[in-house]
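The block underneath contains the structure these notes are about, expressed in structure tokens.
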Amino acid sequence: MDCLHPVRKKLHMRRHAQSRTCIDDIGIDILVSHILVRLPARCVGQCRCVCREWLSLLSTQQFAITHCRHISTTYDQKFILIGSLSGYVYPVVFDHLSRSSKIVLLLPFERSSCLVRILASFEGLLCICLCDTGEMVIWNPLTQVYNMVANSKIRGLCNPRLDVVGFYVDSSKGYMLLHLKRFGGKMWLYIYSLRRQLWRKVGFLDELKYFKRKLKWSNGTFCKGVVYFTVDFIKNRFHSGSMLLGFDVKLEKFNKIRYPNVPRDDLEGHLLLIHNNLHIFLTHGMPFWSVDLWRLDGDSWIKVWVFPPIRPILLGCTIT
């Protein structure tokens, strides 16, 4: 037995060296870009504990983008609910939704109140408002990395009832947060760079009447270089309307976007992205709602679906 021990040890070392060589032959780039991006978020979190190199690779912005895009193309969709102390991630399965399948994520940032609100989401990033202080937080639930974006110049503070935010990506593929502040009939535009962790104020002409009126803005939806907003207004007690604005992220200017050709009375729109194309759900008409789904194709709108008329209901929702 004693004489066989060195032989067994040698065989074990040889097998270990062969397995290690196989991993080395794969290459860390292939391992990350073709294998680890296919794992569920919980498994990615476990892989970050393997070693410092994996922790560094799996905590990068590029990995988060690639992982999110891979999940979105494989229809492994999730939705997240924010509670007082934690977030709950549920899989989106249309024929069955089990509460036992949720994943609990502890909120990593400090707050003095249990009131938090999700303002916007984009490619796995969330912009969250701490309602007691108005501070905004950019949080990646996958990597648990977050940025408290408020600074000493009172930038990064949000009033969810009046302010508007929206994520977008600039020409260098960096994440940006657009923040429109409204107070006393005036508006200010600020842009935050997640890469540089800096705010800057953007001057823009506000000669258009919809910047000064008390209107209800949606949060921004980014598509192909433009952040889109719906702006709803009330004409009188019985009629309301809506308009569509676009912020060109390269020119940093607002433009009014033509709405689809539908009756303008009692019009309301909800923006969403489908296969990287801008779509809008439009409800219009009284006493029954007509509900249409349209896709923006260049400068024109194409109707892609018509739903049966329904009675108006008191329901507030955000379609993403």
Side-chain angles (χ1 to χ4, degrees), residues 119-123 125 127 129 136 138 149 151 153-233 241-261 264 267-274 276-280 282 294-302 318 320:
L119 302 177
S121 63
F122 181 70
E123 294 191 342
L125 292 178
C127 180
C129 177
M136 289 194 296
I138 298 178
V149 300
N151 62 19
K153 297 182 178 180
I154 319 181
R155 296 179 182 177
L157 298 180
C158 179
N159 182 344
R161 295 179 300 173
L162 297 175
D163 294 359
V164 178
V165 301
F167 281 110
Y168 69 89
V169 177
D170 65 4
S171 58
S172 62
K173 306 299 181 182
Y175 286 117
M176 314 293 284
L177 180 68
L178 182 148
H179 180 200
L180 272 167
K181 288 190 67 70
R182 296 194 292 171
F183 181 77
K186 297 181 179 180
M187 298 188 71
W188 297 267
L189 176 61
Y190 299 95
I191 294 178
Y192 180 80
S193 169
L194 186 57
R195 179 180 298 168
R196 301 176 61 194
Q197 299 187 13
L198 291 175
W199 284 99
R200 61 185 177 90
K201 186 176 181 180
V202 178
F204 66 101
L205 299 176
D206 61 348
E207 73 277 2
L208 300 177
K209 60 182 179 180
Y210 37 78
F211 285 116
K212 295 183 178 181
R213 297 174 61 182
K214 293 183 178 179
L215 306 175
K216 180 182 177 182
W217 287 57
S218 72
N219 285 316
T221 300
F222 178 65
C223 181
K224 300 177 181 178
V226 180
V227 184
Y228 294 91
F229 303 88
T230 60
V231 184
D232 300 326
F233 57 91
S242 183
M243 64 184 74
L244 183 62
L245 300 179
F247 178 76
D248 188 308
V249 301
K250 184 177 181 181
L251 302 177
E252 296 188 343
K253 291 183 178 180
F254 279 96
N255 295 296
K256 190 174 181 179
I257 309 298
R258 185 177 64 85
Y259 245 124
N261 186 21
R264 303 307 297 270
L267 179 66
E268 185 175 349
H270 296 275
L271 298 170
L272 69 158
L273 288 180
I274 302 177
N276 203 33
N277 289 306
L278 185 73
H279 289 67
I280 187 169
L282 290 180
W294 298 74
R295 182 181 73 245
L296 183 62
D297 187 6
D299 295 328
S300 303
W301 289 96
I302 299 175
T318 300
T320 59

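The residues of the chain are indexed from 1 along the displayed sequence. Since we're looking at a predicted model, the values are computed, not measured.
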Which heavy atom in Arg182 sits nearest to a heavy atom in Arg161, and how many Å separate them? NH2-O, 4.4 Å
d(His179 NE2, Leu189 CG) to nearest 0.5 Å is 9.5 Å
Restricting to side chain to side chain donor-acceptor pair (under 3.5 Å), what partner residues turn up for Asp170, sequence neighbours left out? Ser172
Any side-chain heavy-atom pair from Trp301 and Asn261 closer than 4.5 angstrom? no
Tell me, please, which residues at least two apart from Arg196 pass side-chain contact (heavy atoms from CB on, under 4.5 Å). Ser193, Leu198
Mind checking the CZ-CZ spacing from Arg155 to Arg200? Nearest 0.5 Å is all I need. 10.5 Å
Less than 4.5 Å apart, side chain to side chain, heavy atoms only: is that true for Leu271 and Leu244? yes
Steps toward side-chain contact (heavy atoms from CB on, under 4.5 Å) verdict (Met136, Tyr192): CA-CA 11 Å; Met136 289 194 296; Tyr192 180 80; over 6 Å; no
Nearest 0.5 Å, what's the CD1-NE2 distance between Ile302 and His279? 9.0 Å
Can you sort out the partners of Phe167 under ring pair (Phe, Tyr, Trp, His ring centres under 6.0 Å), two or more places apart, ordered by chain and number? none
Please check: side-chain N/O of Lys181 versus main-chain N/O of Asn159, any donor-acceptor pairing under 3.5 Å? no
Arg258: what forms a salt bridge (Lys or Arg N to Asp or Glu O under 4.0 Å) with it, not counting sequence neighbours? none
Hey, what do you get for CZ (Phe247) to CG (Leu180), rounding to the nearest 0.5 Å? 8.0 Å
If you take all heavy atoms of Gly269 and Leu282, which pair is closest and at what distance? CA-CD2, 3.8 Å
Decide side-chain contact (heavy atoms from CB on, under 4.5 Å) for Leu177 and Val165; before the verdict, give the C-alpha distance in whole Å, the side-chain angles of both, and the deciding distance to 0.1 Å. CA-CA 7 Å; Leu177 180 68; Val165 301; 4.2 Å; yes
Which value, rounded to the nearest 0.5 Å, describes the distance between Asn219 atom CG and Asp163 atom CG? 9.5 Å
Should Tyr259 and Trp294 count as side-chain neighbours, where that means a heavy-atom distance under 4.5 Å? no
Kindly list each side-chain donor-acceptor pair under 3.5 angstrom involving residues 220-230, sequence neighbours excluded, with atom names and distances?
unit_1 : atom_1 : unit_2 : atom_2 : d
Lys224 : NZ     : Asn277 : OD1    : 2.7
Thr230 : OG1    : Ser218 : OG     : 3.1

Suppose we screen for side chain to side chain donor-acceptor pair (under 3.5 Å). Which residues come up paired with Asn151, at least two apart in sequence or across chains? none
Cys129 side, atom SG; Leu119 side, atom CG - distance, nearest 0.5 Å: 5.5 Å
